[in-house]
Amino acid sequence: MQKRWSLKKYQPNKEQQLQAALKIHPLLCRLLVQRGITKFEEARHFFRPSLEHLHDPWIMKDMDKAISRLEEAFFRHEKILIYGDYDVDGTTAVATVYGFLHSIYDNIEFYIPHRYREGYGISYQGIDYAKENDFSLVIALDCGIKSIAHIAYAREAGIDFIICDHHLPDADLPAAAAILNPKQAGCPYPYKELSGCGIGFKLISALAQKKGLPMQQVYGYLDLVATSIAADIVPMTGENRILAYHGVKQVNETPSAGIRALIQLSNLKEKLTTSNLVFVIAPRVNAAGRMDDARKAVNLFIEKDFDKAYAFAEMLHGDNLERKGIDMNITQEAVSIIQNNVALHTRKSTVLFQPHWHKGVVGIVASRLIDKYYYRPTIILTQSNDKVAGSARSVSGFNVYEAIHQCKDLLENYGGHFYAAGMTLKPENVEAFQQKFEDVVAATIHPDMLIPEIVIDTEINLADLTPSFYNIMRQFEPLGPENLRPVFLARNLTDTGYSKIVKEEHLKLSVKQSNSTAFSGIGFFMADKFDIVASKKPFDMVFTLEENEWNGNISLQLKAIDILPSK
């Protein structure tokens, strides 16, 4: 798949000022400036994230109302229901708030809606459950900000809601007892990008302060907060970075029984990073909701006994293995459909429908098609009862939600955001929707958006890549959106004669640049680039830097992203 390289712009004046203050390699200062860090004090906070720099939870709009309503519930011994979404953010949020409240109050339960029977967010079925079981207060986590009708229905039944949500609110808000969401109008809270679990963490922080409880009791949930931040792809800036930094530290030093069980089952031996949380822990947690019932994910997180937690982790592990097999089969089917239909080859979008495809993995399949096969806005549809339901994923820079919005006359329901969305429609409208979505995309997408973009932080000489350079760069962790792993470009490299193809699909590299020492490297699934490397002609390479351990020896290694002949 052809890719386009985009080099970030530089700000030499700011880089020089920062370099004068920090006395570190100029290119490290360039990386910091690109991340919005231009002063010594900002760099100190970046490299040494401190829990002392977290904002006061009481600044958040409605926090006083939320705590007041909770204390009223405690005083009256009301039944409290902790309600959250079925994904990683929702289940970690429920486990965090439930775990803390249960340690000080016993009349409490949790509820996770079933993905297929109830769908996303607050459901009438969930409210009926609360009504039938005499719950008078519901704390909704990672959902609820748009549930105006549902909250009205609950109020008629005498049920109050405290909403803790991080999704963008509409102009009209639900009539809840309290709404905690930094993005709502009039909220003075300075950091707007918390995860749903992060907002739940703020709620229990304020409650701990109110009750005079030690903050260590709250900090015990940081491993769950870090997991939510990593999995929900929120910006790794400000408070998120502080919470993730200390949460990842906890994951490595004193993880909860549930996280420890997942680590053990995943055979992870190295020190964990946010990347492990995203690619190893999160899929197993998400698989519970995709394949079956996400309640087991919450049970895993709140379980104190390791053996019991391990049993829950095995269930999640099994769900994930099943999910992997299903999504691999559907991906292969989808690729085959496109390959065998010439009319689909030249389209600007992919919209595929098969009634037997599993609803829980269609979003994953859409992402996989874009990443590995056909880089274009993609929708995967399947039959769900008497309706067709699907998930959309987009390419960099293209608003897939807006494109779907333009097809609304063919849809029963839809929702989402810039890069991902969901929809339902009648089976008889599928063909018309496929064509209309293609027409909208073809008319509005810029041709460049159909070529994957590699964003490069800076050009670099191999001679600059020293252990001390890497040791400082490693302190950029935790990594995530707006603080991604630095991507480098080195020009005019030559093969030392030792590069080769391994396992028929990977590229093992040994390269140098003018008079630099030789560097080893690896290019996964890049065997097709071997001819460029072995041609004896100079080539340019985009890569990230990592450590490689072999037989007890640790060395720096280049992890190739793309290779092109030098111009």
Side-chain angles (χ1 to χ4, degrees), residues 85-87 113 115-124 142-153 165-174 183-184 334 337-338 343-344 347-355 357-367 369-370 374-446 449-450:
D85 193 23
Y86 42 69
D87 67 1
R115 186 183 198 114
Y116 307 117
R117 290 194 295 269
E118 297 171 72
Y120 165 78
I122 294 166
S123 68
Y124 289 112
D142 191 34
C143 60
I145 198 66
K146 294 180 186 256
S147 303
I148 292 173
H150 293 85
I151 303 299
Y153 177 74
D165 201 352
H166 69 132
H167 296 99
L168 202 61
D170 292 330
D172 294 327
L173 297 175
K183 291 173 184 161
Q184 68 177 307
I337 288 169
I338 298 171
L344 297 180
R347 288 199 159 212
K348 300 291 190 288
S349 70
T350 298
V351 185
L352 301 178
F353 168 60
Q354 288 294 312
W357 284 346
H358 195 293
K359 188 181 174 187
V361 302
V362 289
I364 296 174
V365 172
S367 294
L369 282 180
I370 290 171
Y374 304 97
Y375 192 78
R376 56 201 191 193
T378 297
I379 299 175
I380 303 297
L381 300 164
T382 184
Q383 190 86 25
S384 181
N385 301 318
D386 59 340
K387 296 279 194 298
V388 169
S391 274
R393 295 294 183 270
S394 195
V395 296
S396 183
F398 185 77
N399 190 336
V400 73
Y401 175 81
E402 182 55 38
I404 289 166
H405 175 68
Q406 291 184 49
C407 306
K408 65 178 187 290
D409 56 314
L410 295 167
L411 301 173
E412 296 273 288
N413 202 359
Y414 66 99
H417 50 81
F418 200 101
Y419 286 116
M423 75 292 301
T424 56
L425 60 158
K426 291 175 180 170
E428 59 266 29
N429 286 341
V430 168
E431 210 171 302
F433 175 68
Q434 285 173 314
Q435 189 56 54
K436 185 160 185 182
F437 184 75
E438 167 65 17
D439 291 344
V440 170
V441 173
T444 56
I445 198 163
H446 191 281
M449 290 181 190
L450 296 168

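Keep in mind the model is a prediction, meaning the values are calculated, not measured.
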*Given side chains that start at C-beta, do those of H167 and D142 come closer than 4.5 Å, heavy atoms only?*
yes
Exactly one candidate in D172, L173, D165 meets side-chain contact (heavy atoms from CB on, under 4.5 Å) with P169; the answer is L173
message: Measuring only between side-chain heavy atoms, which start at C-beta, is R376 closer than 4.5 Å to I445?
response: no
In the structure I gave you, are the side-chain heavy atoms of V365 and L352 within less than 4.5 Å of one another anywhere? no
Q: Without swapping roles, check the side chain of Q406 against the backbone of K408 for a donor-acceptor pair under 3.5 Å.
A: no
When rounded to the nearest 0.5 Å, the distance separating CG of L425 from OG of S384 is 11.0 Å
- Would you confirm whether E438, through its side chain, and K348, through its main-chain N or O, come within 3.5 Å as a donor-acceptor pair? yes
Scanning both residues in full, the closest heavy-atom pair of Q383 with N385 reads NE2-O, 3.2 Å
Item to complete: Determine the interplanar angle of the Y401 and Y414 rings, folded into 0 to 90°, and report it as parallel if under 30°, tilted if 30 to 60°, perpendicular if over 60°.
Response: tilted
Donor + acceptor pair across side chains of R393, T378 (<3.5 Å):
no
Here the gap from F418 atom CZ to S396 atom OG, rounded to the nearest 0.5 Å, amounts to 8.0 Å
Quiz prompt | Over 12 foreign heavy atoms within 6.0 Å of NZ, K146 | solution = yes
dist Q434:CD -> C407:SG (nearest 0.5 Å) comes out at 11.5 Å
Here the gap from Y419 atom OH to S367 atom OG, rounded to the nearest 0.5 Å, amounts to 13.0 Å
Compare all side-chain heavy atoms of L344 with those of T350 and state whether any distance is below 4.5 angstrom.
no
Within the 4.5 Å heavy-atom criterion, are P377 and N399 side-chain neighbours or not? no
Heavy atoms of G121 and C143 approach each other most closely as CA-CB, 3.9 Å
Interatomic distance, OG@S394 vs CD1@I370, rounded to 0.5 Å, equals 6.5 Å
### Message
Is any side-chain heavy atom of N413 closer than 4.5 Å to one of K387?
### Response
no
Check: How about P427 and F353: do any of their side-chain heavy atoms sit closer than 4.5 Å?
Finding: no
*Between I404 and F437, is a side-chain contact (heavy atoms from CB on, under 4.5 Å) present by the stated rule, with each step listed?*
CA-CA 7 Å; I404 289 166; F437 184 75; 3.9 Å; yes
Checking N429, T424, V388 against E412 for side-chain contact (heavy atoms from CB on, under 4.5 Å), the one that qualifies is T424
M449 and G397 have their tightest heavy-atom pair at CE-O, 3.3 Å
Please step through side-chain contact (heavy atoms from CB on, under 4.5 Å) for the pair F398 and T444, ending with a clear verdict.
CA-CA 9 Å; F398 185 77; T444 56; 3.4 Å; yes
Can you find a heavy atom in the side chain of D170 that is under 4.5 Å from one in the side chain of I148? no
Looking only at heavy atoms, the pair that brings A420 and V400 closest together is N-CG1, 3.8 Å
When every non-hydrogen atom of M423 is compared with those of L381, the smallest separation belongs to SD-CD2, 3.9 Å
CG of D85 to CD1 of I122, rounded to nearest 0.5 Å, is 10.0 Å
Minimal heavy-atom distance between K183 and L168, with the atoms involved, is CD-CD1, 4.1 Å
